[in-house]
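Heavy atoms only: backbone and side chains are in, while hydrogens, waters and symmetry mates are out. Keep in mind that what you see is a predicted model, and the values were worked out from it rather than measured. This chain uses plain numbering: 1 for the first residue, then up along the sequence.
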Amino acid sequence: MNAHSNRPSHTQRPPALSRLAFVALLALGGTAGAQAQSLVELYEAARGFDATYLSARAQFEASQAKAAQAHAGLLPQAGLSAAANWARRDNSGTTPDGTSNSQNVALAASQPLYRPANKLANDQAQLSIDIAKAQLETAEQDLIVRTTQAYFDVLAAEDTLTFVKAQKSAVSEQLAAAKRNFEVGTTTVTDSREAQARFDLVLAQEIAAENDLRVKKLALDQLVGKANVAPKRLAAPVALPALAPADPQAWVTQAETSHPAVLQATKGLEIAQLETRKAEASHLPTLDLVGQYQIARAPSASNPALGYVRSNTASVGVQFNMPLYTGGAVQNRIKETLALADKARTDLQAAQRGVSQATRAAYFGVLSGQGQVKALEAAEASSQSALDANKLGYQVGVRINIDVLNAQSQLFQTKRDLAVARYNVLLGGLRLKQASGQLAAQDLQPINALLVR
């Protein structure tokens, strides 16, 4: 069941000052104690901090309040009014001059008996809640993917730096060996210079990798609202989950009925159709039940000698209203809504086609990623064997120094590519569920189970 099938919980939102202070802390390089955190823990932190998601949740709450406003058109209305008047009379006849004042208080109420436009507006408002819920689900799914992407970006950057440092250490050893062999005359200066050039290149790669890791960590910190986040790593060996169901059409069928974008377009078409009915209802009469109770105090008009007279008046009745001619506004409004309904129908078709294409692309992306992981695992073993063979060949003189350096570079590049491919498969699985409209927070649990505990 989707996490937002009911009204979302109200997580306490960080004040603007706290958010600004956090951004300043990131800019200064916060020194909070780092503690390894899982993907689920960081997603929950992002859910309470990410501005984009919080904005979508506030919009959902606003849509609920707006729907309640439309429902008010079906409920009784009551109002209290009061007035006080003062008058000065200057008369040239027999009636003496003077002043007078009067007061009245009235309580009026009405209840719609037949207002089809109000009923249709209420139906539209209920559909708008469904659209807002789908938009909130879209925002939550996007946050899940963004958090996972940022999480794996940090892990991949850490892997890159680790492999570069390992390569630096290996090249350093090779450089030292080349210098020793040159000093004893068993090799030429070329080997030493080649090793030195490769060492300098790896040193530059290390600097770039350190900076990339720093940037990726800042991005993750900014997303989750914590400083110096340390993501937990994948446990070794890694057993990637299988793709189920292994049929792209099954994913597409699910997407065409439950994807938030399709649901939004479907409800949008229903709202557009109701808008046409509401425009047609402008021709129809309306009927209201009205009532009023009034208390008035004023000078007697028939016998001024009586002074002020108080009167209480109560009335109940029905009020009928029938539009006869609107200058063609209603007819043209109907034409407008019919055209908008056609647009909404086309938008629904576009949403279904787009979701279908995106789901198929995501499905085959995961399959491709799984194939890449298997190929890179084989390449890792082959690269290790090639490095061992080149080292042995260098020792016996059938390989030169550059052969060993190239084999080392190939091995560490393969290790890096394999790590990234594994992250992409896990992220691709989430993107596939997002493309088919099925992604929910609980889908992070299988990935969380693969992390070091």
- Rounded distance [0.5 Å steps], CG in Leu430 versus CZ in Arg146: 14.0 Å
- For Ala362 and Ala435, which heavy atoms make the closest approach, and how far apart are they? CB-CB, 4.1 Å
- Query: What residues form a side-chain contact (heavy atoms from CB on, under 4.5 Å) with Ala70, not counting sequence neighbours?
  - Reply: Ala125
- Task: May I have the step-by-step check of side-chain contact (heavy atoms from CB on, under 4.5 Å) for Leu432 and Gln438, ending in yes or no?
- Result: CA-CA 9 Å; Leu432 175 57; Gln438 305 177 57; over 6 Å; no
- Query: Do any N or O atoms from the side chain of Ser356 and from the backbone of Gln352 form a donor-acceptor pair under 3.5 angstrom?
  - Reply: no
- Quick one: are Pro116 and Tyr114 in side-chain contact, heavy atoms under 4.5 Å? yes
- Task: Taking side-chain contact (heavy atoms from CB on, under 4.5 Å) as the test, write out the residues that go with Ser38, two or more places apart.
- Result: Val40, Glu41, Lys232, Asn448, Leu451
- Task: Taking the side chain as every heavy atom from C-beta outward, state whether Leu426 and Leu234 have any pair of such atoms under 4.5 Å apart.
- Result: yes
- Item | Tyr394 side chain reached by Gln174 side chain, heavy atoms, under 4.5 Å | yes
- Query: Considering residues at least two apart in sequence or located in another chain, which fulfil the side-chain contact (heavy atoms from CB on, under 4.5 Å) criterion with Pro446?
  - Reply: none
- Message: Tell me every residue that passes side-chain contact (heavy atoms from CB on, under 4.5 Å) with Val290, counting only those two or more places apart in sequence or in another chain.
- Response: Ser110, Asp288, Gln319
- Side chains of His283 and Gln331: does their closest heavy-atom pair fall under 4.5 Å? yes
- With a 4.0 Å cut-off, would you call Asp443 and Lys433 a salt bridge? yes
- Query: Does a donor on one side chain and an acceptor on the other come within less than 3.5 Å for Asp153 and Gln149?
  - Reply: yes
- Please, which pairs that meet ring-ring contact (aromatic ring centres under 6.0 Å, His included) have at least one residue in residues 117-150, sequence neighbours excluded? none
- Please examine the side chains of Val366 and Asn424, heavy atoms only from C-beta on, and report whether any two atoms are closer than 4.5 Å. no
- Task: Begin from the C-alpha positions of Glu336 and Asn332 and carry the test side-chain hydrogen bond (donor to acceptor under 3.5 Å, both in side chains) through to its verdict.
- Result: CA-CA 6 Å; Glu336 178 190 2; Asn332 286 286; over 6 Å; no
- Is Lys217 salt-bridged to Asp221, cutoff N-O under 4.0 Å? no
- Message: Ignoring hydrogens, what is the shortest heavy-atom contact between Ala344 and Ala272? Give both atom names and the distance.
- Response: CB-CB, 4.0 Å
- Task: Mind running side-chain contact (heavy atoms from CB on, under 4.5 Å) on Arg353 and Glu256 for me, showing each step along the way?
- Result: CA-CA 8 Å; Arg353 294 167 187 169; Glu256 290 178 343; over 6 Å; no
- Note on the structure: The ring pair (Phe, Tyr, Trp, His ring centres under 6.0 Å) partners of Phe152 (sequence neighbours excluded) come to Tyr423
- Message: If you compare all heavy atoms of Pro241 against all heavy atoms of Leu450, which two are closest, and at what distance to 0.1 Å?
- Response: CD-CD1, 4.3 Å
- Item | Those residues that, when tested against Thr286, pass side-chain hydrogen bond (donor to acceptor under 3.5 Å, both in side chains) (two or more places apart) | none
- Message: To the closest 0.5 Å, what do you measure between NZ (Lys133) and CZ (Phe60)?
- Response: 5.5 Å
- With sequence neighbours left out, what residues match Glu380 under side-chain hydrogen bond (donor to acceptor under 3.5 Å, both in side chains)? Lys415
- Salt-bridge present (Lys278, Glu275; N to O < 4.0 Å): yes
- Item | side-chain hydrogen bond (donor to acceptor under 3.5 Å, both in side chains) partners of Thr147, counting only residues at least two apart | none
- Taking the side chain as every heavy atom from C-beta outward, state whether Val224 and Phe49 have any atom pair closer than 4.5 Å. no
- Which distance, rounded to the nearest 0.5 Å, do you find between the CG of Asp159 and the CG of Asp417? 11.0 Å
- Heavy-atom nearest pair, Asn118 first then Gly73, reads ND2-O, 2.9 Å
- Residues passing the side-chain hydrogen bond (donor to acceptor under 3.5 Å, both in side chains) test with Ser385, sequence neighbours excluded, are none
- Where do Leu405 and Ala195 come nearest, in terms of heavy atoms and distance? CD1-CA, 3.7 Å
- Message: Can a side-chain donor-acceptor contact be found between Gln410 and Asn406 if the only test is distance below 3.5 angstrom?
- Response: no
- Message: Restricting to non-hydrogen atoms, name the atom on Leu263 and the atom on Ser258 that form the minimum distance, rounded to 0.1 Å.
- Response: CD1-O, 3.8 Å
- Do you see a donor-acceptor pair shorter than 3.5 Å between the side chains of Asp388 and Gln384? yes
- State whether the side chain of Gln77 and the backbone N or O of Leu75 hold a donor-acceptor pair below 3.5 Å, judged by distance alone. yes
- Task: Take Gln434 and Ile144 through the side-chain contact (heavy atoms from CB on, under 4.5 Å) test and state the conclusion after the steps.
- Result: CA-CA 9 Å; Gln434 180 189 29; Ile144 292 173; over 6 Å; no
- Message: I'd like to know if the side chain of Gln205 pairs up with that of Lys168 as donor and acceptor (distance under 3.5 Å, no hydrogens or angles considered).
- Response: no
- Min side-chain heavy-atom separation Glu194-Asp191 under 4.5 Å: yes
- Message: To the closest 0.5 Å, what do you measure between CZ (Arg57) and CG (Asp50)?
- Response: 11.0 Å
- Item | Charged N-O contact under 4.0 Å between Glu173 and Lys391 | no
- residues 194-238 vs ring-ring contact (aromatic ring centres under 6.0 Å, His included), sequence neighbours excluded, gives none
- Query: Any ion pair linking Arg333 and Glu280 (charged N to carboxylate O, less than 4.0 Å)?
  - Reply: no
- Item | Euclidean distance, Arg198 CZ relative to Leu203 CG, rounded to 0.5 Å | 14.0 Å
Show which side-chain atoms of residues 243-253 pair as donor or acceptor with protein atoms under 3.5 Å away, not counting sequence neighbours.
from	atom 1	to	atom 2	distance (Å)
Asp247	OD1	Gln249	N	3.3
Gln249	OE1	Arg360	NH2	2.7
Gln249	NE2	Thr253	OG1	3.4
Trp251	NE1	Pro245	O	2.7
Thr253	OG1	Gln249	O	2.9

